[in-house]
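See structure below.
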Amino acid sequence: MNRDHTCGELRKSDAGKHVKLAGWVAKRRNLGSIVFIDLRDRYGITQITFDESHSDLVKDVRNEYVIEVEGTVSVKENPNPKLATGEIEVVAESCKVLSSAKTTPMIIADETDALEDLRLKYRYLDIRRNPIKDKLILRDKVTTIVRRVLHEDDFIEVETPILSKSTPEGARDYLVPSRLYKGRFYALPQSPQQYKQLLMIGGIDRYFQIARCFRDEDLRADRQPEFTQIDIEMSFADEEDIFAEVEKVMKAVFKETKGIEDLSFPRIKYVDAMDKYGSDKPDVRFGNEMCDVTSLFENSSFSVFANTIKDGGIIKALVFHNACDKLSRKKFDELTEFVKIYKAKAIAYLKYDKNEFSGSVNNALPENEKEALKDFLKLENGDVVMMIADKKAIAQVALGAVRKKVAEELGLIDKNKYAFAWITEFPMYEYSEEEGRYVSAHHPFTAPRDEDVDKLIDDKANCYSRAYDLVLNGYELLSGSVRIHNSEMQAKVFDALGLTKEQIKNKFGFFIEAFDYGAPPHCGVGIGIERLIMILSGTDNIKDVVAFPKTATAYDLMADAPSTVDQDQLDFLSLQIRKD
RNA sequence: GGUGCGUUAGCGAAGUUGGUUAUCGUGCCUCCCUGUCACGGAGGAGAUCACGGGUUCGAGUCCCGUACGCACCGCCA
């Protein structure tokens with residue numbers, strides 16, 4: 001046995017005990033004939049003291065050496081309040097080097113100077129640091145809570161295949177060439193969607209899985225190519241049942257990890273979320289909802305507004321209180337550039353202070369329209385109004401992005417707040433410019449709203465579904481839907497998506513067939529674990545909560561993956577790499 | 001696919017209108033030190049300035065390209 005205690009557990013009450021500790025040398029302080037070593041393991045740090053007669057033992061010991069130490073627990077005269085073990089030290093009698101270490105390329109401490117790419121290359125060193133290690137521990141704690149709560153409610157965990165079948169709708173698949181079937185490919189699952197629905201048909205009425213998912217799409221600060229979902233599906237259930245179950249899980253997680261009990265789960269329809277927040281994942285930790293002020297400017301002499309409306313566009317407005325002094329001309333130049341990212345042409349603003357207007361459109365707008373705006377928005381001194389006149393979709397999204405950015409910069413967001421919202425009744429379809437047709441907004445197994453069944457084929461733009469998201473602090477935490485559970489309806493949706501009978505048979509044949517053998521009504525969700533842990537641990541970087549993450553270009557800097565493979569391997573798979 | 005920013009000792013950064021020995025902090029090595037806990041003190045080593053090309057008498061600095069990293073838009077059923 002290399003140790004009988006961890007480096008995080010000894011306290012004053014252990015004084016006098018003879019102990020054996022093992023760990024990494026986090027810091028060596030040599031004061032001449034006395035040497036202090038901070039010994040670190042997963043559980044914490046304990047100071048080891050080598051007095052005059054023992055200091056030679058660690059003469060050649062350096063940072064990050066792995067050592068085993070025996071000694072006696074002793075109470076310190078000057079305790080170190082920064083350490084949980086700070087009231088004691090271990091006075092060493094022996095020291096055995098279990099492993100030596102080269103000088104590390106980065107400082108291993110809570111505050112490291114290393115940039116992210118270096119930390120990814122030496123991820124095993126980065127994981128020794130508390131900020132990363134603690135998040136891995138939190139992640140384990142959360143999945144443990146989730147499993148317990150779901151098990152209490154009779155859900156069972158079932159594993160579904162990683163080697164799966166490519167699906168045409170949605171994200172690009174990661175493909176795995178088959179050796180036994182020349183020219184054929186497995187696909188890694190984007191989610192266990194079809195398998196879990198088949199489990200429902202198989203009578204496993206309450207299923208969950210901590211499921212790894214893969215999507216070959218470009219990355220973001222909150223998106224990795226492989227990620228983990230808490231995947232849940234339940235039969236004989238609808239929105240109310242699944243919302244209740246998810247809320248129960250979230251309440252348990254927040255109570256047991258953060259001590260937070262007063263969570264609420266308001267519901268917002270998708271169209272309202274877009275209207276008020278310009279996003280289907282609104283950050284509702286703060287207000288500043290957007291308003292539609294189009295009607296005030298229909299006959300405006302300000303041609304920019306009037307022409308936008310004439311061309312079918314709208315004018316969205318957003319108010320920030322007491323912000324006149326905080327938002328400079330320069331800031332609005334910056335915001336003008338910012339909204340161009342979202343294809344908006346410009347952002348107009350009016351400041352109302354000391355009962356007078358000023359700002360970019362102050363001269364362009366006639367007095368009566370400014371007064372009307374003031375009444376409509378109930379403006380008070382100090383208010384700043386921002387407006388975007390554009391096509392509806394652009395004005396909403398661009399001003400919604402401004403809402404979030406300015407709120408952050410003005411400090412309107414309470415970082416200690418956790419604001420959930422269910423976003424409901426998503427569109428059934430969205431138009432894909434790229435493909436020139438309507439595609440599923442969620443996925444093709446999503447049920448339409450009862451009242452929209454007759455719009456499935458003929459009025460796709462106005463057809464809404466029983467899909468929902470749970471949003472937390474502006475992140476999409478989960479997605480789900482009530483599923484279609486009869487083959488006629490399913491066939492109708494495939495038809496609406498423009499899939500031919502042959503495509504349906506090839507891609508979904510087994511799935512469709514299953515629905516002919518008695519499918520229960522069912523619904524479910526997939527909760528993004530990484531985003532949940534990000535929010536719980538207060539980081540905006542998904543890489544912080546993944547043990548071995550990939551870069552923004554989906555590269556593993558540590559393992560150097562993806563990599564080329566031997567010709568033999570290609571030959572086995574009957575694959576040839578094109579040289580162009 | 002697109003936009004922006006970045007790349008200088010092991011690590012993190014500075015480097016002015018282009019100018020001759022590239023600076024600072026930290027880490028590393030050696031020596032001194034019995035109460036430190038970011039120990040302290042003295043000394044030392046350590047750089048093809050990402051790569052390729054160009055402009056120039058002269059490039060870390062200016063220009064073009066490439067690679068890599070980060071963020072964002074598109075994309076992510």
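Proteins get letters first, then strands, A, B, ... in listed order; numbering begins at 1 in each. As the structure is a prediction and not an experimental result, all values here were calculated from the model.
- Of all the residues in residues 76-83 of chain A, A:Lys76, A:Asn78, A:Asn80, A:Lys82 reach under 4.0 Å from RNA chain B with at least one non-hydrogen atom.
- Under the Watson-Crick and G-U wobble criteria, each requiring two contacts below 3.5 Å, nucleotide B:U7 is paired to B:A67.
- Using a 4.0 Å cutoff on non-hydrogen atoms, no part of residues 492-509 of chain A comes near RNA chain B.
- A:Leu31 comes within 4.0 angstrom of a nucleotide base, judged by non-hydrogen atoms across all strands.
- Among the heavy atoms of the strands, none lies under 4.0 Å from A:Phe445.
- For A:Tyr195 and A:Tyr207, the gap between ring centers reaches or exceeds 6.0 Å.
- Rounded to the nearest Å, the gap between the P atom of B:U61 and that of B:G52 is 13 Å.
- A:Glu435 is linked by a salt bridge (charged side-chain N to carboxylate O under 4.0 Å, His left out) to A:Arg437, counting only residues two or more places apart in sequence or in another chain.
- In this structure, A:Phe511 and A:Phe515 have perpendicular ring planes: the angle between them is above 60°, well past the 30° mark.
- Side-chain polar atoms of A:Tyr270 and A:Asp469 form no donor-acceptor pair below 3.5 angstrom.
- Ring geometry, A:Tyr438 versus A:Tyr431: the interplanar angle exceeds 60°, so the pair is classed perpendicular (tilted spans 30 to 60°).
- The separation of B:G65 from B:U21, taken at their P atoms, amounts to 32 Å, rounded to a whole angstrom.
- Within 4.0 Å of A:Glu430, counting heavy atoms only, lies no atom of the nucleic acid at all.
- Comparing B:U30 with B:G46, their C1' atoms sit 15 Å apart, to the nearest whole Å.
- Within 4.0 Å of A:Pro105, counting heavy atoms only, lie sugar-phosphate atoms of the nucleic acid but no base atom.
- Contact annotation: side chain of A:Glu434 to base of B:G1, donor-acceptor pair absent below 3.5 Å.
- Using a 4.0 Å heavy-atom distance criterion, A:Ser33 is classed as a base contact.
- The existence of a salt bridge linking A:Asp56 and A:Lys59 is excluded, since no basic side-chain nitrogen approaches an acidic carboxylate oxygen closer than 4.0 Å.
- Residue A:Lys340 is classed as having no contact, given no heavy-atom separation below 4.0 Å to the nucleic acid.
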